[in-house]
Amino acid sequence: NAEYMGDLSCFASRTRGRFNTNMGAMNTFAFLKQVEEQRSQERALSWEGTFADYLELVAKNPHIADLAHARVYNMIMAGGVSEATDIHGHRYKFFEEELYGLERTLQQLPMYAALI
């Protein structure tokens, strides 16, 4: 809200220069603005209701009730899968060029998540 952003502005002016050394090109106010944007997104995603309301939502979209390993698996699979030319059989595009040296472990992660 505007009052909160005013507090951020006041905080930014009082602390100007203290945090800039570790944030590179990002100034304090820009950082605090990002924090407020994240908090706004969290508030927009919050939900309150009864258990019956929740069950109705799950009936419409069963993925709402997915546990963490299923969410990770779905995220990886949504990136796409291609056939690998090596002994591993599959390449998960989610991990392409992301983490050097962890290819074998990362290729096994979706298999593990699918088993749980």
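Summarising the geometry, atom CG belonging to Leu55 is positioned 12.5 Å from atom NZ belonging to Lys60; distances are rounded to the nearest 0.5 Å. Note that CG of Asn74 and NE2 of His69 are 9.5 Å apart. Values are rounded to the nearest 0.5 Å. A distance of 5.5 Å separates NZ of Lys33 from CD of Glu37, quoted to the nearest 0.5 Å.
Taking the side chain as every heavy atom from C-beta outward, Val72 and Ile76 approach each other to under 4.5 Å. Within the 4.5 Å cutoff, no side-chain heavy atoms of Tyr73 are placed close to those of Asp66.
By the rule that hydrophobic residues join a cluster once side-chain heavy atoms approach within less than 4.5 Å of another member, Val58 and Trp47 end up as members of one cluster. Put simply, Leu45 and Ile64 are part of two different groups of oily side chains (I, L, V, M, F, W, Y) that touch within less than 4.5 Å, one to the next.
Counting only distance, with no hydrogens or angles, the side chain of Arg43 and the backbone of Gln38 share no donor-acceptor pair below 3.5 Å.
Ser82 and Lys93 make their closest contact through CB-CE, 3.8 Å (heavy atoms, listed as atom of the first residue, atom of the second, distance).
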